2 protein chains.
Amino acid sequence: MIKHNEIERENIMKIMSIPEIKEYLNNNGIKPSLPRIKIFEYLNNYKSHPTADEIYLALIDELITLSKTTVYNTMDLFLKHNIIIQILIEENEIRYDSLTSNHGHFKCIKCNKIYDFKYDLADISIKELNGFSLNEYHTYIKGICKNCSENK
Amino acid sequence: MIKHNEIERENIMKIMSIPEIKEYLNNNGIKPSLPRIKIFEYLNNYKSHPTADEIYLALIDELITLSKTTVYNTMDLFLKHNIIIQILIEENEIRYDSLTSNHGHFKCIKCNKIYDFKYDLADISIKELNGFSLNEYHTYIKGICKNCSENK
DNA sequence: AATTATTTTGTAATCATTACATTTAATGAA
DNA sequence: TTCATTAAATGTAATGATTACAAAATAATT
Ligand SMILES: [Mn+2]
Ligand SMILES: [Mn+2]
Ligand SMILES: [Zn+2]
Ligand SMILES: [Zn+2]
């Protein structure tokens with residue numbers, strides 16, 4: 001179970017080939033079964049931050065025996081091995097992201113697309129949190145994306 | 001329906017008396033019925049950022065006919081009139097906050113307490129979001145609070 | 001091949017939230 | 001005050017995402 005370094009983490013969002021995904025899962029202690037590979041591929045190589053249901057619907061045509069339970073099980077497994085994170089933006093829906101390094105999300109309320117952005121909350125000193133130990137940062141912003149503003 | 005200014009907003013988190021809550025609801029176009037007053041009082045004067053269920057359980061002894069539906073209806077009404085916000089920290093649970101001005105939340109993973117902190121994301125320029133219009137900022141941090149660290 | 005462990009699946013249960021229809025309370029003419 | 005109208009609160013049932021659980025399929029090991 002090799003620990004990945006920062007440079008490798010930065011690369012996670014790059015599109016990965018099937019052999020690369022296999023190796024990545026192996027390196028993180030996950031046996032790369034077909035559903036796991038395909039689910040990770042979809043998560044990592046497709047632009048969106050999908051829900052479990054979206055993953056299921058995207059893959060069911062190809063993996064015709066896939067069950068939703070498998071998607072949920074796989075998400076739990078990926079979470080346990082820290083190769084994905086959950087993101088909460090709308091109530092009652094969990095989205096998943098294979099980019100695990102700290103970054104923010106922007107959700108456009110017109111086209112519903114979720115954009116990543118870099119930022120570091122550690123830059124800001126928060127006096128109310130002196131003496132606290134901060135482990136996980138989450139930030140999301142809602143608004144209207146550039147594309148939707150222009151195409152009025 | 002009077003528009004409140006910044007100074008008034010800053011005061012929201014201050015503990016409010018029943019007559020003050022009545023006036024506040026009236027000023028925001030909400031008829032101050034007993035359940036509404038009590039729910040807002042609990043939300044505003046009690047430290048926590050409760051779920052609908054926590055509000056219900058906290059008030060049912062006093063308002064013995066209160067229904068959970070009323071709590072949800074009231075939350076929707078308060079949201080529509082912008083006197084509360086929703087906060088999402090854990091999956092599948094919606095919490096509510098009567099402090100509507102932009103601020104962050106810290107959730108301690110030991111004692112589960114949720115702390116407020118001030119900060120302004122607008123201070124940070126995010127180059128990926130040039131040309132986007134940003135409407136709502138949400139930030140939460142998870143970790144261990146000072147109190148829980150000290151009482152090891 | 002037979003045995004054992006792992007992975008995947010289908011079905012049923014859970015639980016927060018929502019929908020809806022009914023009851024209760026408040027308002028406001030007559 | 002009484003009657004009619006509107007608003008508020010309630011109880012019950014439905015929804016829908018997630019989880020629990022046990023069986024079936026697959027892979028690994030002997
Ligand atoms: Mn992301
Ligand atoms: Mn708060
Ligand atoms: Zn958009
Ligand atoms: Zn604590």
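The sequence lines fix the lettering, A, B, ..., with proteins before strands; numbering per chain opens at 1. Computed from a predicted model, the values in this text were never measured in an experiment. Just the heavy atoms: all of them, side chains too, but no hydrogens, waters or symmetry mates, feed the values below.
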Report task. Flag the pair Arg95(B) and Glu90(B) as a salt bridge only when some basic side-chain nitrogen lies within less than 4.0 angstrom of an acidic carboxylate oxygen. Result -> no
Report summary line: Testing dG11(D), dT18(D), dA8(D) for proximity to the side chain of Glu91(B), the answer is dT18(D)
**Report entry** Candidate nucleotides dT17(C), dA9(D), dT8(C), ranked by approach to the side chain of Asn73(A) - the nearest
**Finding:** dT8(C)
**Report entry** Closest listed nucleotide, where the reference is the side chain of Ile94(A) and the choices are dT17(C), dT18(D), dA9(D)
**Finding:** dT18(D)
Query raised in the report: Should Tyr140(B) and Tyr137(A) count as side-chain neighbours, where that means a heavy-atom distance under 4.5 Å?
Result: no
Query - Backbone of Lys14(B) reached by a side-chain donor or acceptor of Asn44(B) within 3.5 Å - result: yes
Requested in this report: Ignoring the backbone of Arg36(A), work out which of dG11(D), dT8(C), dT17(C) is nearest its side chain.
Outcome: dT8(C)
Query - Distance-only donor-acceptor test (3.5 Å): side chain Thr69(A), base dG10(C) - result: yes
Query raised in the report: So what does Lys68(B) hit on the nucleic acid, given a heavy-atom distance under 4.0 Å: a base, only sugar-phosphate, or nothing?
Result: nothing
**Report entry** Spacing between Glu54(B) atom CD and dT17(C) atom P, to the nearest angstrom
**Finding:** 10 Å
Report summary line: When rounded to whole Å, the CD1 to C1' distance for the pair Ile37(A) and dA27(D) reads 14 Å
Report summary line: Tyr72(B) has its side chain closest, among dT19(D), dT18(C), dA28(D), to dT18(C)
Query raised in the report: Does a nitrogen or oxygen in the side chain of Thr70(A) sit under 4.0 Å from OP1 or OP2 of dT9(C)?
Result: yes
Requested in this report: Provide, to the nearest angstrom, the distance between the CG atom belonging to Leu77(A) and the P atom belonging to dT19(D).
Outcome: 14 Å
Query raised in the report: Between dT17(C), dT18(D), dT8(C), which nucleotide gets closest to the side-chain atoms of Asn92(A)?
Result: dT17(C)
Report summary line: Separation of dT17(C) atom C1' from Gln86(B) atom CD, nearest Å, is 11 Å
Query raised in the report: Between Tyr56(B) (OH) and dA16(C) (P), how many Å, whole number?
Result: 13 Å
Query raised in the report: Looking at CD1 of Ile21(B) and CD1 of Ile39(B), how far apart are the two atoms once the value is rounded to the nearest 0.5 Å?
Result: 11.5 Å
Report task. Can you establish whether the number of heavy atoms outside Lys146(A) located under 6.0 Å from its atom NZ is more than 12? Result -> no
Query raised in the report: Which of these nucleotides, dG11(D), dG10(C), dA8(D), is closest to any side-chain atom of Lys31(B)?
Result: dA8(D)
Query - Nearest-Å distance for atom pair CG/P, residues Leu88(A) and dA17(D) - result: 15 Å
Requested in this report: Report the distance from atom CG of Leu63(A) to atom P of dT7(C), rounded to the nearest whole Å.
Outcome: 17 Å
Requested in this report: Give one of base, sugar-phosphate or nothing for Thr65(B), where a contact means two heavy atoms less than 4.0 Å apart.
Outcome: sugar-phosphate
Query raised in the report: In whole angstroms, how far is the C1' atom of dT17(C) from the CZ atom of Arg95(B)?
Result: 15 Å
